[in-house]
Visitor: 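Sending over a structure as structure tokens; questions will come in a sec.
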Amino acid sequence: MCGRFTLKTPAPMIAELLGLEPPGPRQLELFAPRYNIAPTQDVAVVRTATGGGREAVGMRWGLIPSWSKELPKSAPLINARSESLTEKPTFRGPLKRTRCLIPADGFYEWTTEGKRKQPHYIRFPDGRLYAFAGLWDRWRGPGGAGPVIESCTILTTAANAQLAPLHDRMPVILAPGDYDLWLDGAVENADDLRHLFDPLPAGELAIDPVDPRVNKVANDDPQCVTVQRSLF
DNA sequence: CCAGACGTTGTT
DNA sequence: GTCTGG
DNA sequence: CCAGACGTTGTT
DNA sequence: GTCTGG
């Protein structure tokens with residue numbers, strides 16, 4: 001669930017909606033329009049900066065636990081089940097200390113129709129920006145040597161009635177009023193955060209089939225989100 | 001105590 | 001690092 | 001998440 | 001079928 005998403009909102013608007021400084025050159029690159037963000041790629045992440053305030057940084061999508069000896073060969077941890085975070089050694093630390101916002105304005109889900117993988121694009125009807133609840137971690141190369149890689153994961157929750165036909169999970173979409181709480185490093189008690197994981201109420205999102213060109217990661221352009229019109 | 005795992009998704 | 005299994 | 005590769009030996 | 005790359 002939630003294995004591809006978009007971030008095509010203009011950079012100045014992203015900065016404004018997420019409470020960041022007006023974007024400099026670095027942020028303009030980080031927030032360059034994206035129509036097909038895929039696992040293992042760099043994604044824009046908003047976190048609490050050292051010394052307070054919010055900052056946006058690029059991170060690999062697919063969390064690598066800080067204690068990993070090698071780069072994991074198994075499927076990347078692109079999602080984390082919000083219900084069980086406190087039971088998982090991999091996520092328990094990050095839930096306490098390294099939470100983040102992952103800005104997005106739409107995501108994709110697939111249905112399999114025979115051999116055909118049909119993508120569906122899911123967003124608010126007005127296409128507005130929002131933020132997934134995310135966790136991140138920092139990994140220091142093999143044996144603590146090598147390069148430092150910061151990586152992140154997107155939380156999931158039970159799908160609401162609207163998304164259930166597509167999948168049984170959906171990403172945790174935070175309300176803007178909850179951004180401060182989610183990023184507050186002083187909050188370490190999971191019980192104070194659990195209510196943020198409630199699924200978005202059904203009916204708020206729009207779901208439409210799009211061209212399967214999005215299936216291919218190399219295709220990263222506005223055609224990915226062009227709604228397929230019925231032929232009838 | 002030490003050793004070994006540590007994850008999600010979808011598919012079978 | 002932290003949890004589970006033995 | 002989906003797409004695409006998946007291998008060795010010997011010879012040039 | 002399974003793994004890697006994006």
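Quick note on labels: first sequence line is chain A, next is B, and so on, each numbered from 1.
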Visitor: Would you say the ring centers of A:Phe197 and A:Trp182 fall short of 6.0 Å from each other?
Guide: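 That pair passes the under 6.0 Å test.
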Visitor: Could you tell me whether A:Ala80 contacts a base, only the sugar-phosphate backbone, or nothing, with contacts defined as non-hydrogen atoms closer than 4.0 Å?
Guide: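 Touches sugar-phosphate only.
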Visitor: For DNA chain C, determine which residues of residues 192-200 of chain A have any heavy atom closer than 4.0 angstrom to one of its atoms, and list them numerically.
Guide: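 Hits under 4.0 Å, by residue number: none.
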Visitor: Whole angstroms only, please: what is the CE-P distance between A:Met170 and B:dT9?
Guide: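 The distance from CE of A:Met170 to P of B:dT9 comes to 13 Å, rounded to the nearest Å.
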Visitor: Under 3.5 Å, side chain of A:Thr98 to main-chain N/O of A:Trp136, donor-acceptor pair present?
Guide: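 Yes.
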Visitor: Between P on B:dT11 and CG on A:Asp168, what's the gap in Å once rounded to a whole number?
Guide: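 Between P of B:dT11 and CG of A:Asp168: 11 Å.
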Visitor: Scan side-chain atoms only and decide if A:Thr111 and A:Glu113 contain a donor-acceptor pair under the 3.5 Å cut-off.
Guide: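 Yes - a donor-acceptor pair under 3.5 Å links their side chains.
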Visitor: What pairs of nitrogen or oxygen atoms, one from the protein and one from nucleotides 2-6 of chain C, lie under 3.5 Å apart?
Guide:
residue : atom : partner : partner atom : Å
C:dC3   : OP1  : A:Arg92 : NE           : 3.4
C:dC3   : OP1  : A:Arg92 : NH1          : 2.1

Visitor: Would you say A:Arg169 places a side-chain N or O within less than 4.0 Å of OP1 or OP2 belonging to B:dT8?
Guide: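 No, because none of the side-chain N or O atoms of A:Arg169 sits under 4.0 Å from OP1 or OP2 of B:dT8.
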Visitor: Can you tell me, in whole Å, how much space there is between the P of D:dT8 and that of E:dG5?
Guide: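 Here D:dT8 and E:dG5 have their P atoms 16 Å from each other.
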Visitor: Could you work out, with side chain to side chain donor-acceptor pair (under 3.5 Å) as the rule, every residue matching A:Thr9, not counting sequence neighbours?
Guide: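 Listed in chain order: A:Asp105.
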Visitor: A:Thr153 near the nucleic acid: base, sugar-phosphate alone, or nothing, with a heavy-atom cut-off under 4.0 Å?
Guide: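 Nothing: the residue A:Thr153, judged by heavy atoms under 4.0 Å, touches no strand.
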Visitor: Is the centre of the A:Phe124 ring less than 6.0 Å from the centre of the A:Tyr130 ring?
Guide: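 Distance test on ring centres: under 6.0 Å, yes.
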Visitor: In plain terms, say whether A:Asp184 and A:Arg99 are close enough for a salt bridge, that is, a side-chain N and a carboxylate O under 4.0 Å apart.
Guide: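 A salt bridge is absent here (no side-chain N lies under 4.0 Å from a carboxylate O).
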Visitor: Identify each donor-acceptor pair in which a side-chain atom of residues 83-92 of chain A lies under 3.5 Å from a protein atom, sequence neighbours left out, and give them as a table.
Guide:
residue : atom : partner  : partner atom : Å
A:Glu83 : OE1  : A:Arg169 : NH2          : 2.8
A:Glu83 : OE2  : A:Arg169 : NH1          : 2.9
A:Glu83 : OE2  : A:Arg169 : NH2          : 3.2

Visitor: Would you call A:Arg47 and A:Glu55 a salt bridge, taking side-chain N to carboxylate O under 4.0 Å as the test?
Guide: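 Here A:Arg47 pairs with A:Glu55 in a salt bridge, since their nearest N and O are under 4.0 Å apart.
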Visitor: If we ignore hydrogens and angles and just use 3.5 Å, is the side chain of A:Arg123 paired with the main-chain N or O of A:Thr6 as donor and acceptor?
Guide: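 The answer is no, because no donor-acceptor pair under 3.5 Å joins these two groups.
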Visitor: What distance, rounded to whole Å, do you find between the two P atoms, one in B:dT11 and one in D:dC2?
Guide: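 Roughly 7 Å separates the two P atoms.
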Visitor: Can a donor-acceptor pair be found between the side chains of A:Tyr121 and A:Thr226 at a distance below 3.5 Å?
Guide: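 No, no side-chain donor-acceptor pair sits under 3.5 Å.
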Visitor: Rounded to the nearest 0.5 Å, what separates atom OH in A:Tyr179 from atom CG in A:Leu174?
Guide: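 Rounded to the nearest 0.5 Å, the OH-CG separation comes out at 6.5 Å.
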Visitor: Dot-bracket, 5' to 3', for DNA chain D please: Watson-Crick or G-U pairs under 3.5 Å, [ ] where pairs cross earlier ones, | where the partner sits on another strand, dots elsewhere.
Guide: ||||||......
Visitor: Using the C1' atom as the reference point in each nucleotide, state the distance between B:dG10 and C:dT2 in Å, no decimals.
Guide: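 The same atom, C1', in both gives a distance of 29 Å.
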Visitor: What is the distance, to the nearest angstrom, from the CG atom on A:Leu166 to the C1' atom on B:dT9?
Guide: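 Taking CG of A:Leu166 and C1' of B:dT9, I get 15 Å after rounding.
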Visitor: Can you tell me how far C1' in B:dA5 sits from the matching atom in D:dC6, rounded to whole Å?
Guide: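 Those two atoms are separated by 29 Å.
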Visitor: Mind listing the N/O atom pairs, protein and nucleotides 1-4 of chain D, below 3.5 Å?
Guide:
residue : atom : partner  : partner atom : Å
D:dC1   : O2   : A:Arg4   : NE           : 2.8
D:dC1   : O2   : A:Arg4   : NH2          : 3.0
D:dC2   : O4'  : A:Arg4   : NH2          : 3.1
D:dA3   : OP1  : A:Asn215 : ND2          : 3.2
D:dG4   : OP1  : A:Lys216 : NZ           : 3.0

Visitor: Is the phosphate of B:dC6, meaning OP1 or OP2, less than 4.0 Å from a side-chain N or O of A:Ser68?
Guide: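 No.
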Visitor: Between A:Asp137 and A:Arg97, does any side-chain N to carboxylate O distance fall below 4.0 Å?
Guide: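 Looking at A:Arg97 together with A:Asp137, the answer is no, because their closest N to O distance does not fall below 4.0 Å.
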Visitor: For A:Ile64, run the side-chain contact (heavy atoms from CB on, under 4.5 Å) check against A:Thr153, A:Ile149, A:Leu77 and tell me which one passes.
Guide: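 The passing option is A:Ile149.
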